[in-house]
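The sequence lines fix the lettering, A, B, ..., with proteins before strands; numbering per chain opens at 1.
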Number of protein chains: 2
Amino acid sequence: MSKSNNVYKDAYNRGLRLLDETKSLPSEPELGALLGVSRTTIRTILARMEETGLITWNKRSKTVLRVPRPDDFFPEEETDTLSQIIERSFMRRLLAGGAEPGMQINELELAREIGVGTTSVREFLIRFSRFGLIEKRRNSHWVLKGFTRAFALELTEIREMFELRSAAAFAALPEDSPVWADLDLLEDEHRLLAREIATRFNEFSELDERFHRLIHRASHNRFIVDFYDVIAMIFHYHYQWNKAQERERNEVAVAEHLAYIAALKSRDPGKVDAACRKHLKSARHTLLTSIPEGQQPQRA
Amino acid sequence: MSKSNNVYKDAYNRGLRLLDETKSLPSEPELGALLGVSRTTIRTILARMEETGLITWNKRSKTVLRVPRPDDFFPEEETDTLSQIIERSFMRRLLAGGAEPGMQINELELAREIGVGTTSVREFLIRFSRFGLIEKRRNSHWVLKGFTRAFALELTEIREMFELRSAAAFAALPEDSPVWADLDLLEDEHRLLAREIATRFNEFSELDERFHRLIHRASHNRFIVDFYDVIAMIFHYHYQWNKAQERERNEVAVAEHLAYIAALKSRDPGKVDAACRKHLKSARHTLLTSIPEGQQPQRA
DNA sequence: ATAATGTCTTTTATCGTGAAAAAACAGTTT
DNA sequence: AAACTGTTTTTTCACGATAAAAGACATTAT
């Protein structure tokens, strides 16, 4: 099987959406830049679009013949990266319960179960290890440290340290920095979401991530920025499995964000610190209450 | 070639040193625990020891016949892990100059140059990426961010944040914690080294690492503990290439450590903070002055 | 002359394979 | 029966091979 063509399929799907808007497509390099793939992939896409009668293609002219139908798209699941597939599979096992701290992780078994090669699983585990949930025994298996209360506490400790520092750096940014415009846009989105929170509460987590990443970026420190990946990963998966009081939680968080944004705009260090602390405190509380108690890490 | 037997060779060499001390070797499981390898490897080792006339081996009896000679040992370079080999090779290129920020890293070329498979190089790069010196372009090459002044500043910023916190946590540890005994031992080693600094100054970096790791461990936070890997890596390689005023630097650092240790033992938060800050300041200064100026990161 | 397209080359992503090493199981010895 | 040794099975580590995707070079169109 060697390598799936998910890059092509995903780009193709995204390319279909362009057909709604124009009567003719731009040049190959331009399309490549637009979809974030190489010309090689673009040409494969164009070839198929021609084949399925979506466009005519002759050198520079790429005329749209018809609007894409739902069945023109490749199925969603065929557009996923292998590492996304492995990650999802792995996280499901991890969060589905029965994953006790101290448990061994078997590369071969994982690979067989997911139906992929061991190399991909190995690479995934190496990449994943920086999240601090697993650990490698030299020349031997991986050990699951587990999504425990201790993990959550250690994670939030760093998060709070980093975010307080980033928020302070943010507030100290000069007036003419482009981040203030970004912040204004995010503020608008927050207000909109707040108004329609009853129906759109599940859109919060995406907004949450963008907001916090913007703040962390103000630190101008790659270690701080990168650390947000850990937080994002945890939030992403954990809240997929813990929907309790999601609406209420998010409603509170949106309000806290708005207060936080106001504090940042005031550029008053004291206010920023207070608003940031308040939000982080409730975020920690939310995370901690959602962790099943009693899971205690095993002795090594 | 598939897989080198470096685990066996390294364990064999370490096993040879046991022959100096005893007239007969312990049981297979015991040897395995001692050398940190499986029984399978132990049996391979014993088989060779018998073959080369070092011991007689019959079931439980493993009698030492003679003391090992220098040529009984496997050559040092055959005992290295593949990832150690790749790491060394990669760091040499990175520090040897000509490695401009923004430069592309080619897996295939690296693999060919080092004479290993691409898989091993890929895995190394993934593992190495957490140090923040390289970055992956999705579906494409890696980009070297480079060992720049910015890197050093970002690194030290986090280091200072983490170490101040760890030092405070350390000082707050109860009297009966075993760390105080560890600290006493380290203090003795520091005093010894201080006395013979003129000749043994190059032994400092190993002691330095042990000292700081002990402190970081007091944080009880895996992210803080793990971050010391980044620092250790940088120090390890960077100082191999920058020996300027090594003796003076280390002499100063030993003195600062002793003051730092005294502060910890006083358990006075103010003193700890001051001593820690002083040492971190000079550590940062040392690192910064050793970075060649003018290396500016490229635009993305 | 610039920027596109057409073609060819190189690199990355992934798998299957096989040896090294670990782990599990079975049989012995004290 | 506890702990060892002998044997077999499983897993990890590393490679070469191959399709997907990127990138480089040559050619053509505006």
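Side chain Thr41(A) to base dA21(D): no donor-acceptor pair is found below 3.5 Å.
Annotation: salt bridge (charged side-chain N to carboxylate O under 4.0 Å, His left out) contacts of Arg88(A) (sequence neighbours excluded): Asp80(A). Judged as a salt bridge (charged side-chain N to carboxylate O under 4.0 Å, His left out), and not counting sequence neighbours, the contacts of Arg43(B) are Glu28(B). For Arg130(B), the side-chain hydrogen bond (donor to acceptor under 3.5 Å, both in side chains) partners two or more places apart in sequence, or in a different chain, are Asp229(B). Residues passing the side-chain contact (heavy atoms from CB on, under 4.5 Å) test with His141(B) are Gln104(B), Arg137(B), Val143(B), sequence neighbours excluded. Qualifying salt bridge (charged side-chain N to carboxylate O under 4.0 Å, His left out) partners for Asp20(B), counting only residues two or more places apart in sequence or in other chains: none. Looking at residues two or more places apart in sequence or on another chain, you find no salt bridge (charged side-chain N to carboxylate O under 4.0 Å, His left out) involving Glu30(B). Every residue two or more places apart in sequence or in another chain was checked for a side-chain hydrogen bond (donor to acceptor under 3.5 Å, both in side chains) with Asn139(A), and none qualifies.
In summary, Glu113(A) and Arg92(A) do not engage in a salt bridge, as defined by a charged side-chain N under 4.0 Å from a carboxylate O.
One atom, CD of Glu28(A), and another, P of dT7(C), lie 11 Å apart when rounded to the nearest Å. Leu46(A) has its CG atom 10 Å from the P atom of dG6(C), to the nearest Å. Rounded to an integer number of Å, the gap from CG of Asn5(A) to P of dT18(D) is 19 Å. If you take CD of Glu50(A) and P of dG6(C), they are 11 Å apart, rounded to a whole angstrom. Whole-Å rounding puts the Gln104(A) CD to dA22(C) P distance at 13 Å. In this structure, the CG atom of Asn58(B) is 11 Å from the P atom of dT5(D), given to the nearest Å. Separating the CZ atom of Phe124(A) from the P atom of dT14(C) is a distance of 13 Å, rounded to the nearest angstrom. Rounded to an integer number of Å, the gap from CZ of Phe74(A) to C1' of dA20(D) is 14 Å.
When heavy atoms are screened at a 4.0 angstrom cut-off, Ser27(A) is found touching the sugar-phosphate backbone but no base atom. Across all strands, Lys62(A) comes closer than 4.0 Å only to sugar-phosphate atoms, never to a base (heavy-atom distances).
When the local axes at the two ends of the helix from dA1(C)-dT30(D) to dT30(C)-dA1(D) are compared, using 5 base pairs at each end, they differ in direction by 30° after rounding to 10°.
Aromatic ring centroids of Phe227(A) and Phe223(B) lie under 6.0 Å apart.
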Protein proximity profile, nucleotides 25-30 of chain C - base contact B, sugar-phosphate-only contact S, no contact -, cut-off 4.0 Å on heavy atoms: ----B-
Per-nucleotide protein contact string for nucleotides 10-15 of chain D (B base, S sugar-phosphate only, - none; heavy atom under 4.0 Å): -SBBSB
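Legend: side chain to side chain donor-acceptor pair (under 3.5 Å) pairs involving residues 114-124 of chain B, not counting sequence neighbours, sorted by first then second residue: Arg122(A)-Glu123(B), Glu123(A)-Arg122(B), Glu107(B)-Arg122(B). The list of salt bridge (Lys or Arg N to Asp or Glu O under 4.0 Å) pairs with a residue in residues 50-67 of chain B, not counting sequence neighbours, reads Arg66(B)-Asp72(B).
When all heavy atoms of Arg127(B) and Ser83(B) are compared, the pair lying nearest together is NH1-CB, 3.4 Å.
Mapping Arg43(A) and Gly36(B) onto DNA chain C by nearest heavy atom places Arg43(A) at the nucleotide closer to the 5' end.
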